[in-house]
Protein chains: 2
Amino acid sequence: MNETAQQILDVAQNLVRNRGYSSFSFADISEQVGIRKASIHYHFSSKEELTRELVKRYRMAFQQTLKQIERSNSDPQAQLRQFLSLYRQGLSQSQMCLCGILSAEMAVLPASVQEGVRAFFAETQTWLQTLIETGASTGCLQPRLPPKDEASLLLASVQGAQLIARASEASESAFDRIADQLLASICPTP
Amino acid sequence: MNETAQQILDVAQNLVRNRGYSSFSFADISEQVGIRKASIHYHFSSKEELTRELVKRYRMAFQQTLKQIERSNSDPQAQLRQFLSLYRQGLSQSQMCLCGILSAEMAVLPASVQEGVRAFFAETQTWLQTLIETGASTGCLQPRLPPKDEASLLLASVQGAQLIARASEASESAFDRIADQLLASICPTP
DNA sequence: GTCTATACGAGGATAGAC
DNA sequence: GTCTATCCTCGTATAGAC
């Protein structure tokens with residue numbers, strides 16, 4: 001995949017994370033990349049293919065980021081904090097998680113894109129579950145529920161926090177408050 | 001507001017709750033209502049007005065439902081259960097909360113619709129907060145956080161649960177598991 | 001690889017007859 | 001109130017020149 005293709009995906013990603021799948025167009029991309037919209041079809045044959053590749057790249061990058069979080073920090077509690085900060089970062093540009101916003105449009109997504117979205121949630125939940133299990137065994141975290149359930153609740157909550165934060169005037173602080181509580185709910189009470 | 005207008009809103013509501021704002025069209029409505037799409041403009045001058053009225057009606061109906069929950073049940077814990085079941089019901093037709101799905105498209109909504117969405121969340125959070133306060137004072141509920149924070153976390157979580165449930169093969173049971181944990185997290189442990 | 005030109009359909013909206 | 005007819009814009013996609 002060449003440079004232009006990457007650039008197209010970069011721009012598309014920002015667009016989708018802001019507006020969603022149905023509301024981004026080749027014209028939008030063309031404007032920001034500086035090529036004509038017909039030229040996009042040289043790199044991606046269709047909107048479906050473009051979005052499929054976008055989700056694929058996003059999933060891989062996200063997994064990489066999670067691995068970095070593991071490496072850079074041995075404390076599960078700090079890892080969790082970093083995980084939450086990823087979502088907070090997106091929000092600072094009023095962007096949702098790519099797969100979170102796509103999930104809202106599930107009914108109109110091409111099947112191949114739906115698949116990628118599903119896979120993203122499964123992967124992320126698995127990572128969270130492992131993190132919680134580790135944290136529980138070392139005492140860094142004190143999950144009140146089985147790690148699997150705790151993970152799915154956490155994932156739902158962070159996605160929901162991002163979702164409704166966009167409907168708030170002060171979206172970042174709205175998210176922060178919720179994120180703090182999520183963290184508190186799973187940390188040992190001194 | 002006459003019968004046809006109501007019917008248009010009924011159909012529009014199902015469409016939006018499934019596909020979102022950008023992906024529903026006058027053609028879709030016209031097909032299901034059985035009138036031509038130009039005729040819709042007699043009842044609603046524009047898509048913006050239609051959606052604005054839709055959100056307005058949804059908000060009022062939702063508030064009514066919440067009042068009914070209060071009346072039909074004096075136990076805050078049971079009220080909370082009923083609140084969660086509202087979201088579960090939508091999901092059974094793979095529908096999200098109208099304002100939840102609109103929130104994902106916030107960036108492309110007309111300003112007047114954005115306003116309605118914001119108001120919906122504020123109202124709903126207030127109701128939850130009052131419920132939690134009542135429950136805490138009678139001992140029916142045992143919030144771990146200040147009621148206001150507990151309410152916003154709960155709202156975010158239930159919206160998020162609905163959002164990501166759509167990306168799950170078994171969306172209803174995925175939601176149920178999360179809803180049970182939400183309930184457990186706020187109920188007194190015997 | 002990128003361009004121009006163009007096809008084709010969909011979407012929202014308006015005018016005017018009935 | 002609903003219809004037909006029509007307008008205009010935007011969206012994806014293709015063909016073929018450079």
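So that the names make sense, note that chain A is the first sequence line, chain B the second, and so on, each numbered from 1.
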Once you apply a heavy-atom cut-off of 4.0 Å, does [X] come out as touching a base, just sugar-phosphate, or nothing?
{"X": "Y42(A)", "result": "base"}
{"X": "F24(A)", "result": "sugar-phosphate"}
{"X": "S25(A)", "result": "sugar-phosphate"}

Starting at atom [atom1] of [X], determine the distance to atom [atom2] of [N], rounded to an integer number of angstrom.
{"X": "I29(A)", "N": "dA13(D)", "atom1": "CD1", "atom2": "P", "value": "11 Å"}
{"X": "K47(A)", "N": "dT14(D)", "atom1": "NZ", "atom2": "C1'", "value": "18 Å"}
{"X": "I40(A)", "N": "dT12(D)", "atom1": "CD1", "atom2": "C1'", "value": "11 Å"}
{"X": "H41(B)", "N": "dT4(D)", "atom1": "NE2", "atom2": "P", "value": "15 Å"}
{"X": "R36(A)", "N": "dT12(D)", "atom1": "CZ", "atom2": "P", "value": "16 Å"}

Plane angle bin for F24(B) and Y21(B) - parallel if under 30°, tilted between 30 and 60°, otherwise perpendicular: perpendicular

Does the plane of the ring in F120(B) sit parallel, tilted or perpendicular to the ring in Y58(B)? Use 30° and 60° as the thresholds. tilted

Does R144(A) form a salt bridge (Lys or Arg N to Asp or Glu O under 4.0 Å) with D149(A)? I'd like the steps, not just the answer. CA-CA 9 Å; R144(A) 264 179 286 271; D149(A) 292 334; over 6 Å; no

Counting only heavy atoms from other residues, nucleotides and ligands, does the tally under 6.0 Å from CD of E31(B) exceed 12? no

Is it true that a side-chain atom of Q13(A) and a backbone atom of L54(A) form a donor plus acceptor pair closer than 3.5 Å? no

Per the salt bridge (Lys or Arg N to Asp or Glu O under 4.0 Å) rule, which among R19(B), K37(B), K47(B) passes with D28(B)? R19(B)

Using a heavy-atom cut-off of 4.0 Å to chain A, what are the terminal contacting nucleotides of DNA chain C, in 5' to 3' order? dG1(C) to dA5(C)

Contacts of S45(A) and S23(A) projected onto DNA chain D by closest heavy atom; the upstream (5') one is S23(A)

